[in-house]
Amino acid sequence: MSDLPKSYEPADIEPRWYAEWMARGYFHADAAAPKAPFAMVIPPPNVTGSLHMGHALGDTIEDLFTRWRRMAAYNAMWLPGSDHAGIATQMVVERELRAKEKKSRHDIGREAFVERVWQWRRETGDRIFAQLKKLGCSLDWDRATFTMDPPYSAAVVEAFVRLYEEGLIYRARRLINWCPNDRTALSDLEVDYDEGTQGELYEFAYPLADGSGEVVVATTRPETMLGDTAVAVHPDDPRHREKIGKLVRHPIVNRQFPVIADAILVDPKFGTGAVKVTPAHDPNDFEVGLRHNLPMISIFDEKGVVNAEGGPFAFMDRFAARKAVKARLKELGLERGSKPHVHAVGHCQRCETVVEPMLSTQWFVKMEPLAKPAIEAVEQGKTKFVPESWSKTFFHWMHNIRDWCISRQLWWGHRIPAWYCKCGETTVARTAPGACGKCGATELKQDDDVLDTWFSSWLWPFATLGWPNETRELKTFYPTTMLDTGYDILFFWVARMLMAGLHFMKKVPFRTVYLHTMVTDEKGEKMSKVKGNTIDPVEVIDKHGADALRFALAWLTTHAAQGKNIKFSMSNVEDARRFANKIWNAARFALMNLPGYDADRFADRIADGPDRAELDLPERWILSRVQRVSEEVDGALEEYRIADAAQAAYHFIWNELCDWYIELAKAGLAKASGDSEADLIARSKIQGTLVTALETAMRLLHPFMPFITEEIWQKLPKPSGAPQSIMITLYPVRDVRFHDDASEASMALVQKIIVAIRNIRQERNIPTSTRLRLVLAVGDDYKKTILEGYQSIIAEHARCSEVRVRRSGGSGEYNVGQTAMAMAGDVEVIVPLEGLVDTAGEKAKLEKQIEKAVRDRDHLRKKLNDPNFTGRAPAEVLEKDRARLAEAEAAIARLELALQRLVGGAS
RNA sequence: AGGCACGUAGCUCAGUGGAAGAGCACUACCUUGACACGGUAGGGGUCGGCGGUUCAAUCCCGCCCGUGCCUACCA
């Protein structure tokens with residue numbers, strides 16, 4: 001007897017099973033196991049991070065695939081870890097230091113600060129791991145890796161040194177993106193452009209040095225004029241042609257510089273046709289500076305404050321200087337105008353400070369040689385994107401790739417393995433060199449900078465498996481099978497991993513890249529703490545359970561078209577929770593109805609399929625259906641159609657197993673409630689089928705909802721020798737013995753008939769307590785025989801006292817004018833309604849049905865009379881349409897007959 | 001500026017060259033011994049607009065309108 005509570009309470013069940021699975025070591029994959037590998041690495045969350053909805057989505061998808069493959073007998077390995085997240089982590093610890101001790105990192109020094117970060121990590125880092133466990137993630141925790149672990153750090157150094165030795169890493173003075181707030185260089189990808197910033201196009205005049213006039217320039221950043229070293233015009237612009245080669249006089253700092261001609265920089269149609277050139281603070285101007293060999297004058301320090309080059313404006317902040325410079329120009333009578341101007345302004349991805357282009361010496365990775373093999377690998381299908389359309393975006397970026405600035409002026413991260421000698425020699429080495437290789441000096445100074453966090457992340461799929469050592473792990477699990485991640489880090493991470501994997505391992509790092517969408521709030525707005533529209537997955541789990549959250553996300557995970565996202569709301573979770581409750585109650589029903597059931601005996605009975613087991617229609621039908629749905633779910637997962645898989649499982653469980661089979665089983669069990677041997681056998685067939693269908697459904701659903709399926713699975717009776725956990729069972733596989741087209745067709749007809757009767761009842765307001773007498777009229781004896789076999793099922797479910805089946809066309813079987821009639825496929829469903837009939841109403845209903853059938857018939861006739869159609873359409877389409885036409889014609893005939901009788905009877 | 005997508009039921013979204021689908025919402029009825037976190041039945045869409053290809057178009061092609069996203073140095 002079941003003592004299950006009436007509704008499902010996940011909080012009691014989930015933590016218990018996760019602990020049990022851990023204890024039994026189910027998450028661990030042995031690299032030496034003689035099984036086909038399925039390997040995946042987690043996109044490592046920041047150590048500072050806590051689980052947000054984006055993680056919840058990705059990790060649900062990843063766990064879903066890991067569990068699914070594990071149940072298909074793969075050696076499934078999902079590798080966990082976390083990322084040291086340079087800037088983010090440094091900022092967190094700095095903030096804490098300031099709050100607790102009112103000190104800056106500079107106050108305590110680099111060594112002490114880095115120790116502080118380690119201490120912070122020991123105390124509060126990897127909080128997210130506990131949250132991943134709550135979500136049910138079956139990660140191989142023994143392999144958890146942190147990007148600052150000593151072996152991983154060694155791999156980072158190894159990668160740097162190799163690339164340096166190969167000439168793919170170089171140090172150069174370039175114009176880079178600088179964040180004056182974080183005081184570090186950024187890569188191009190770390191700059192977000194704020195499209196549509198309302199700015200000003202300000203015009204002012206540079207006087208020509210010879211006094212022959214002036215040249216008016218237009219700029220959005222007047223303050224950078226302090227660093228101007230040229231004015232550029234288009235060589236063919238008649239307005240400016242005679243000024244080319246002349247000098248202008250800088251009105252504020254004591255300097256003269258030329259008017260130059262540059263057809264690349266200058267668009268004569270824009271602004272005044274003359275451009276001020278600031279090579280040290282603008283990427284385009286930098287290029288001009290190189291082309292024309294102009295001086296490059298940096299006018300800001302690392303905080304974005306004007307330096308000594310700014311003359312009277314020194315020590316002013318960038319934005320204060322802008323105002324001051326404008327005011328001064330006005331005083332000097334050089335202001336020439338201003339108009340509003342919308343343009344894109346770059347912001348630091350991390351702190352949103354306006355990025356300053358600065359001239360600076362940094363380390364770079366030469367990307368083109370790395371990009372080429374990655375492009376080819378994707379072209380050749382060695383790595384596939386899902387959805388496929390992302391490969392276009394990938395190619396576009398890869399073909400236009402630029403060198404990657406990898407040095408960061410931070411303290412937290414992998415320190416650049418380069419040492420400088422007073423003699424000017426640079427030594428790049430795996431360990432600190434004892435002396436300069438050139439001059440022998442022993443006082444070498446290591447580069448102060450650390451590497452971009454992504455420089456360690458791009459090694460993730462192989463550095464986590466022991467690279468550069470040749471490990472068993474690498475041999476077994478590299479290349480990994482799939483990678484799942486959000487499309488927002490396609491360039492940051494996926495593309496770079498492809499490049500690093502091909503370069504260092506000579507093989508792609510993953511066969512398939514599944515890119516999932518972004519999760520937003522229900523209005524489609526990005527979730528953010530500032531906006532206050534975040535949904536905390538941990539709170540959701542506490543309230544509704546991890547299974548509900550996971551299923552809600554899976555249900556919504558359709559292929560990620562660009563610019564689309566998952567609009568997530570709590571109602572999605574509530575729906576999923578209702579589903580969990582439904583499953584729970586289906587299991588309760590089963591468990592309440594199993595007294596006397598012997599799982600071993602049923603297993604014997606069913607061992608050779610449903611024929612030998614002598615099952616009845618409902619049993620044959622549901623076993624065929626669970627089989628078909630299993631294949632559907634499995635097939636959908638093969639194609640990464642996650643929502644389709646979730647929805648197929650959902651509809652099977654709710655609309656077939658619960659709505660129909662359990663109802664059919666109730667009647668069957670009631671009928672066979674006695675103690676006779678016959679009853680016992682009849683009962684056991686139903687019990688066995690119910691348990692089998694439910695057990696299969698639980699396995700099917702386990703990757704989506706691991707906890708509830710385990711809980712129920714454990715409670716179901718199983719034949720002796722069954723596995724200890726649903727986690728280590730086999731995923732439902734194709735078994736053609738249970739395919740039963742005939743039973744599915746018969747059941748579909750029975751269902752149609754029952755629905756037609758319920759419809760009649762509903763429309764006429766006939767209460768369920770009124771037992772109906774039913775007549776089914778069919779066109780041939782074959783169908784008559786079949787339906788006669790299902791009379792009792794129909795009677796039970798449509799609440800009829802009597803069901804008669806006869807050939808159609810006869811008369812006198814029911815009282816004229818006293819019946820309701822409807823078509824269920826080609827079966828006439830006739831319900832005598834003595835004394836209950838509203839003749840006018842019946843007439844209207846019949847007419848409506850006729851009208852629809854006539855519409856169908858006319859449409860089909862027209863089609864089938866068109867030789868163009870019959871001549872060109874494929875045979876099966878013609879056949880189908882002819883059958884439909886025949887059905888429509890028969891329906892019209894029978895409905896019209898019924899109408900005539902009705903009218904005749906009433907008159 | 002270039003590129004990639006999208007426009008299907010009130011809402012959120014699937015879908016396919018051969019009779020329009022789901023979840024939620026809505027309407028009516030039902031406290032039936034698995035479940036009211038439930039059941040039964042139902043209403044609701046010229047599949048953004050206009051052309052074209054085809055025997056057949058929501059699906060393929062072109063144009064237009066609208067929306068979103070990505071990349072890019074427009075002073």
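The chains referred to below are lettered A, B, ... by the order of the sequence lines, with proteins before strands, and numbering in each begins at 1.
- Residues satisfying the side chain to side chain contact (heavy atoms under 4.5 Å, CB included) criterion with A:I264, sequence neighbours excluded, are A:D262, A:R291.
- Among the protein residues, A:W584 comes within range of no part of the nucleic acid, since none of its heavy atoms lies under 4.0 Å from any strand.
- Across all strands, A:E887 comes closer than 4.0 Å to no nucleic acid atom at all (heavy-atom distances).
- For the residue pair A:R578 and A:N581, no side-chain donor N or O sits within less than 3.5 Å of a side-chain acceptor on the partner.
- RNA chain B contains the following stems of three or more consecutive Watson-Crick or G-U pairs, with both distances under 3.5 Å: B:1-7 with B:65-71, B:10-13 with B:21-24, B:26-30 with B:38-42, B:48-52 with B:60-64.
- Side-chain atoms of A:S389 lie closest to B:A5 of the nucleotides B:A22, B:A34, B:A5.
- Partner of A:V277 under the side-chain contact (heavy atoms from CB on, under 4.5 Å) criterion, chosen from A:V217, A:L265, A:D228, A:V231: A:L265.
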Quick one, A:V233 with A:K243, criterion side chain to side chain contact (heavy atoms under 4.5 Å, CB included). Give me CA distance, side-chain angles, the key distance, then yes/no.
CA-CA 9 Å; A:V233 298; A:K243 297 172 194 159; over 6 Å; no
Quiz: residues 561-569 of chain A side-chain donor-acceptor pairs under 3.5 angstrom, not counting sequence neighbours:
unit_1 : atom_1 : unit_2 : atom_2 : d
A:Q562 : NE2    : A:T393 : OG1    : 2.8
A:S569 : OG     : A:S571 : N      : 3.2
A:S569 : OG     : A:S571 : OG     : 2.9

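- Each of B:G23, B:C4, B:C13 was ranked by its minimum atom distance to the side chain of A:T558; first place goes to B:C13.
- For A:E200 and A:S338, the side-chain atoms include at least one donor-acceptor pair closer than 3.5 Å.
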Using atom names, set out every protein N or O paired with an N or O of nucleotides 51-61 of chain B below 3.5 Å, distance rounded to 0.1 Å.
unit_1 : atom_1 : unit_2 : atom_2 : d
B:C55  : OP1    : A:R872 : NE     : 3.2
B:C55  : OP1    : A:R872 : NH1    : 2.2
B:C55  : O4'    : A:N868 : O      : 3.2

Taking protein heavy atoms under 4.0 Å as touching, what does nucleotides 66-75 of chain B look like 5' to 3' if B marks base contact, S marks sugar-phosphate-only contact and - marks none?
--BB-SBB-B
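- Residues from residues 572-581 of chain A that place a heavy atom under 4.0 Å from any atom of RNA chain B, listed by number: A:D575, A:R577, A:R578, A:N581.
- As judged by a 4.0 angstrom heavy-atom cut-off over every strand, A:R884 is placed among the base-contacting residues.
- Within the 4.0 Å cut-off from OP1 or OP2 of B:A5, at least one side-chain nitrogen or oxygen of A:K392 is found.
- Residues A:F491 and A:F394 keep their aromatic ring centres 6.0 Å or farther apart.
- Residue-level contact check: A:D659 touches the backbone only, with heavy atoms under 4.0 Å from sugar-phosphate atoms and none from bases.
- Nearest nucleotide to the A:I662 side chain, out of B:A14, B:C4, B:A34: B:A34.
- Residue-level contact check: A:N593 touches neither bases nor backbone, having no heavy atom under 4.0 Å from any strand.
- Of the candidates B:G39, B:G23, B:A34, the closest approach to any side-chain atom of A:Y650 belongs to B:G23.
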